[in-house]
Amino acid sequence: MKKKKILITVAVLAAIAAITPSLIGYFIQGPTQDQGDTALGFTPIAVDHKQAMDLKKSLPFVGSAPIDIDGDGIDEIFFGGGNNQKDRFFKYDNKALQDIGNLGLTKADGITTYGVAVIDATHDGKKDIFVAREDGLYLYTNTGGQFTGEKISFPLNENSVPLSIAMADINKDGAVDLYISNYIREKFVEGETIFNKPYGGYSNLLLNNGDNTFTDITKSSGVFQQHNTFTSVFVDLNNDLNVDLVIAHDTGRVRIYKNNADNTFTEQENPSVFSYPMGIAVSDINNDGLMDLYFSNVGKTLPKFLVKGDLRDDQKFNMNYMLFENQGDFVFKDVAVEKNAAHYGFGWGVVSYDFNNDTRADYLISENYARFPGVKYLSLYPGNLLQQYKDGGFKPVEKNAKVENPYFGISPIVTDFNQDGWPDVFFSNIDSPVLAYLNQPIAGRNWLKVEFPDQAKYIGTLLTLTTMSGKKLYNQFYTNEGLSSDQTHIVYFGLGAESKIASLEVRYPDGRSQVILKPEANYLIKLQ
């Protein structure tokens, strides 16, 4: 019966579109919000590449990540290939991204690359790459501008495919541990709106043995579940110097696990109900020293009856994006509606940076579902850049800021291509061209960037910046924000009009602390 409803709905959409395509966007997808005022401005970077995907054979995902391959301080971009397409690297040069090949990354024909994470896994000062593909998980070691790969052995369930990779050092032995978010393999798919029966892939928590081989501790750690999982993030949510685990379950709920500091985790309550949490963004939106969490969802795109699936009328269901304001002690409040961060289009990866360097975190969202029946009759969203204002609320500014992405976006990727202190953007898209933009500096706005040795033992480091006026700003070194992707591992602080910094306090996961007095604004600090 549900399939008939979907087919009838698509037929109706097609009929309306045949008369006037603009009606589809308004009556089905809802009205577009007015753009907010912004001083932000982006200019496009030339990049000649299109991801090639057979959407009937592979899941609609792709992994991307910034990686400084040659150690010159400027990130290259890794971009995963589709079914019969090699993975590629792009180098920023003269306001363009140039294709520099696959640099030794081999991939079997017919295999799609879904997820990627970057870290110095071998502790030699060079950045290595974990890659999740349809046929398993790989580690590619940086040998000095080229990569040598090997497949990682772990107990991947036969019904599961690796989609995203989250990294941390959960037992503080210096080696990188992994949470692999797994989705159901294409041949086992029964539907996309199944809530009420055990269904989906089995994800894995992998503890590094110290030599980049891994032991599966999913069951003993307390995080074992069967559920389709889009992505996850390790982040210290209670400032106890132990990274906690946040998971986005498709057709399910957000899962938040407290790290007990003994290789076990305990699930914590949170405000989510049945929904489609997909991407995860992390930042301290209100500068209270606690990291907040933002989750994309199906949003306002589709009628409720199409996405409610097998949920009963008595089961709570939420189509909105979710913004969990961290109240401390693992208490969270969903403030998405009151802060105008809830009602947006079908969302995938989300990231949070202070894009205009005004001391307030903003959000950048990738949108549009390539496999939705009748998608050609819908207006594709331009993605959303949500700017935060002085009252703590958000407004979309992507059109005014000229940073739109009207394609099938999976995740924004953030780095600083031209090293001017302003976060630039690469859009990881499937079955469509990739896009990239330079963020144009705003006069009178200042910043500070902080770089750690890119090793897992630093993930979860807490930073407190105090300006000369006494204002405190907080951030944390975390990775794998977005969806199936990674971001720059440099921590950004927007300072607004303040140009003098009193101190930068650094608290490391191993208990050490460091205070840097009067660091100069508009510079990169490299912590050794």
* Give a yes or no on whether the backbone of Asp87 and the side-chain of Asn102 come within a donor-acceptor separation of less than 3.5 Å. => no
* Asked: Taking only residues two or more places apart in sequence or in another chain, which ones pass side-chain contact (heavy atoms from CB on, under 4.5 Å) with Asn171?
  -> Asp169, Asp173, Asp177, Leu207, Asn263
* Quick one: list whatever passes side-chain hydrogen bond (donor to acceptor under 3.5 Å, both in side chains) with Asp510, sequence neighbours left out. => Arg512
* To do: Could you tell me which residues satisfy ring-ring contact (aromatic ring centres under 6.0 Å, His included) with Phe477, sequence neighbours excluded, listed by chain and number?
  => Phe452, His489
* To do: Only counting residues at least two apart or in another chain, list the ones meeting side-chain hydrogen bond (donor to acceptor under 3.5 Å, both in side chains) with His123.
  => none
* To do: Could you tell me which residues satisfy side-chain hydrogen bond (donor to acceptor under 3.5 Å, both in side chains) with Asn480, sequence neighbours excluded, listed by chain and number?
  => none
* **Listed partners of Thr359 passing side-chain contact (heavy atoms from CB on, under 4.5 Å), at least two apart** => Lys471, Leu473
* Asked: Hey, does Leu163 have a side-chain heavy atom less than 4.5 Å from the side chain of Asn182?
  -> no
* Asked: Is there a side-chain contact between Asp70 and Glu76, using heavy atoms and a 4.5 Å cut-off?
  -> yes
* salt bridge (charged side-chain N to carboxylate O under 4.0 Å, His left out): pairs with one or both residues in residues 451-462, sequence neighbours excluded -> Lys127-Asp454
* List for me each residue that meets side-chain contact (heavy atoms from CB on, under 4.5 Å) alongside Leu103, sequence neighbours excluded, and say none if there are none. => Ile69, Phe89, Ile100, Gln146, Phe147
* Non-neighbouring partners of Asn260 that pass side-chain hydrogen bond (donor to acceptor under 3.5 Å, both in side chains), sequence neighbours left out -> Thr264, Thr266
* Asked: Within 45° of the ring axis of Tyr114 and under 6.0 Å from its six-membered ring centre, is that where the NZ or CZ of Arg133 lies?
  -> no
* Asked: Would Phe78 and Phe90 satisfy ring-ring contact (aromatic ring centres under 6.0 Å, His included), going step by step from the backbone distance to the final call?
  -> CA-CA 7 Å; Phe78 168 91; Phe90 296 89; 9.8 Å; no
* Asked: Looking at side-chain heavy atoms only, is the closest gap between Tyr321 and Ile365 below 4.5 Å?
  -> yes
* Asked: Any side-chain heavy atom of Phe265 sitting closer than 4.5 Å to one from Ile170?
  -> yes
Sequence neighbours excluded and cut-off under 3.5 Å, please list the side-chain donor-acceptor pairs for residues 384-391, or say none.
residue : atom : partner : partner atom : Å
Asn384  : ND2  : Glu398  : OE1          : 3.3
Asn384  : ND2  : Glu398  : OE2          : 3.2
Gln387  : OE1  : Thr38   : OG1          : 2.5
Gln387  : NE2  : Asp37   : O            : 3.4
Gln388  : NE2  : Ile285  : O            : 3.4
Gln388  : NE2  : Ala361  : O            : 2.7
Tyr389  : OH   : Asp37   : N            : 3.4
Tyr389  : OH   : Asp37   : O            : 2.6
Asp391  : OD1  : Gly393  : N            : 2.9

* **Residues which pass side-chain contact (heavy atoms from CB on, under 4.5 Å) with Asn418, listed by chain and number, not counting sequence neighbours** => Tyr92, Asp416, Asp420, Asp424, Leu438
* To do: Kindly state whether the ring of Trp348 and the ring of Phe230 have centres lying under 6.0 angstrom apart.
  => yes
* Asked: Going through the distances and angles, do Lys395 and Asp362 end up as a salt bridge (charged side-chain N to carboxylate O under 4.0 Å, His left out)?
  -> CA-CA 10 Å; Lys395 291 182 182 179; Asp362 311 302; over 6 Å; no
* Within-4.5 Å side-chain heavy-atom neighbours: Gln440 and Thr43 -> yes
* To do: For a side chain to side chain contact (heavy atoms under 4.5 Å, CB included) with Asp486, tell me which candidate from Ile165, Ile119, Ile67, Val118 qualifies.
  => Val118
* Asked: What residues form a salt bridge (Lys or Arg N to Asp or Glu O under 4.0 Å) with Arg507, not counting sequence neighbours?
  -> none
* Answer whether the closest heavy-atom distance between the side chains of Tyr140 and Asp128 falls below 4.5 Å. => no
